[in-house]
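A, B, ... follow the sequence lines: proteins, then strands. Residue 1 opens every chain. Quick note: numbers below take in every heavy atom, side chains included, and nothing from hydrogens, waters or symmetry partners.
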There are 2 protein chains.
Amino acid sequence: MLSFWRHGYEATSLSDLTSAMGITAPSIYGAFGDKKTLFLEAVQLYVSGPVNAETIIDSAPTSRHAAAGLLEASAVGFTGRDTPRGCLLASSTISCSAAAADVQAELASIRRKIETRLKEKILRDTKTGAAPPEANAGALAGHIMAVIQGMSTLARDGASREKLRQIAAAAMLGWPA
Amino acid sequence: MLSFWRHGYEATSLSDLTSAMGITAPSIYGAFGDKKTLFLEAVQLYVSGPVNAETIIDSAPTSRHAAAGLLEASAVGFTGRDTPRGCLLASSTISCSAAAADVQAELASIRRKIETRLKEKILRDTKTGAAPPEANAGALAGHIMAVIQGMSTLARDGASREKLRQIAAAAMLGWPA
DNA sequence: ACACTTCTATAGTGACCGATATGAAACAAC
DNA sequence: GTTGTTTCATATCGGTCACTATAGAAGTGT
């Protein structure tokens, strides 16, 4: 999975996987079917890990806390010592061939779900008074998602955890109320 | 070049290029040397085109105008009718094999140059009074770059030009002064 | 001990990758 | 008209891709 994280879906070859996992190709195909399924199961592990977006959003008291929590988790998670830089979900199928368009769409769908969940959290806050009623929930959620995507690329380019934290702080400067 | 833009550096094959350019493989190698050089020349064309980051930054009256101008140019450029979605510079080497690490580093260097130029514009404004002296130039510039990176991915995922404009507006809400 | 199932490794499938050697066609010089 | 040079396409290079057919090893039940 680290190979998928580091090099992306298509640039990771079966021989990369066999040598990293310590098993041979027929075992992989017996257990997972094909490369695509193996990748999507790795993604599923990633997005439902101990620190995952849905949990952060749902357990936050307000949408502001949710946004800040997502950004902080990203700053930490994208610069881990024992993992590749950046985000598996954000970087592994950004550009790929037409043959992988369905995998790309699958990951885009996961990203959209996270954005929608954040947007609805903001919307609820505008109704309860925890956020100004005129706040543009779609724009705010989209902005946070864009920043997270960008932090992934910056982490891959070598940005430090502290730099990502400063970017997160700059992103939260415009949060309403 | 559109093939590089749409599918990225490694996912674009020589046969994609020959059929798109209407010439044969030996002609490409005679003219450019290899695939890597051809790609980097395409990137050079892209980043020095009629609407390019350096010009936007340098011709803006203030760093605030520069940031807003970069975001607006991104919203428009990433959703063009006759070009692939997103940004060639932001998406074509996000994840690639170890063999393309040098190409990846080259594009990262170009992105860093743009960020540095924006940061220095902000720094100058903090000295002339056009921006508050306590503004964190590095964080602000990094934030704008992250948003642009993220807008590229969102555009690829299908976000409309209007959606990107709203994200840009949300990103500028926190701009100081 | 023996038949049977399960698992995995060796070896190889056709297809495509980036990059070229080779030969034919077009053109310039005289 | 002949020669030398340049241009470009056909055909092919070795290598790697995702994937699998085959066969042997390990384990189980009786």
Side-chain angles (χ1 to χ4, degrees), chain A residues 1-46 84 88-89 91-110 156, chain B residues 1-46 84 88-89 91-110 156:
Chain A
M1 173 165 125
L2 296 185
S3 196
F4 277 138
W5 194 340
R6 186 183 312 276
H7 296 296
Y9 170 58
E10 287 198 296
T12 297
S13 70
L14 256 293
S15 60
D16 291 337
L17 295 171
T18 55
S19 57
M21 301 170 75
I23 58 178
T24 58
S27 300
I28 289 183
Y29 283 88
F32 298 99
D34 60 0
K35 183 188 175 186
K36 181 182 304 184
T37 304
L38 168 57
F39 174 72
L40 290 176
E41 296 208 8
V43 170
Q44 204 55 44
L45 270 182
Y46 180 85
L88 173 70
L89 185 59
S91 61
S92 52
T93 60
I94 293 300
S95 60
C96 53
S97 73
D102 52 347
V103 181
Q104 196 175 27
E106 183 75 31
L107 263 65
S109 162
I110 296 175
R156 282 179 166 254
Chain B
M1 171 165 126
L2 295 185
S3 197
F4 278 136
W5 195 339
R6 187 183 312 276
H7 296 297
Y9 170 58
E10 287 199 294
T12 297
S13 71
L14 257 290
S15 60
D16 290 336
L17 295 170
T18 55
S19 58
M21 301 169 76
I23 59 178
T24 59
S27 301
I28 288 183
Y29 283 88
F32 298 99
D34 59 359
K35 182 189 175 186
K36 182 181 303 184
T37 305
L38 168 57
F39 174 71
L40 289 177
E41 296 207 10
V43 170
Q44 205 54 45
L45 270 180
Y46 180 84
L88 172 69
L89 185 60
S91 61
S92 52
T93 60
I94 294 300
S95 60
C96 52
S97 73
D102 53 344
V103 181
Q104 196 175 27
E106 183 76 32
L107 263 64
S109 163
I110 296 176
R156 282 179 167 255

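Although no hydrogens or angles enter the test, the distance criterion places a donor-acceptor pair under 3.5 Å between the side chain of B:Glu10 and the main chain of B:Ser97. A distance-only check finds no donor-acceptor pair linking the side chain of A:Arg156 to the backbone of A:Ser91 [under 3.5 Å]. At least one donor-acceptor pair under 3.5 Å links the side chain of A:Thr12 to the backbone N or O of A:Ser3. Judged purely by atom type and a 3.5 angstrom limit, B:Ser92 uses its side chain to pair as donor or acceptor with the backbone of B:Leu88. The backbone N or O of B:Tyr9 sits less than 3.5 Å from a side-chain atom of B:Lys35, completing a donor-acceptor pair.
For the salt bridge (charged side-chain N to carboxylate O under 4.0 Å, His left out) test, no residue two or more places apart in sequence or in another chain qualifies with A:Asp34.
Considering only heavy atoms from C-beta on, A:His7 stays 4.5 Å or farther from B:Ser95 through its side chain.
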Reading 5' to 3' through nucleotides 7-21 of chain D, protein heavy-atom contacts under 4.0 Å coded B for base, S for sugar-phosphate only, - for none
-SBB------SSBBB
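For DNA chain C, the span of nucleotides reached by chain A at under 4.0 Å from its heavy atoms goes, 5' to 3', from C:dT8 to C:dT10.
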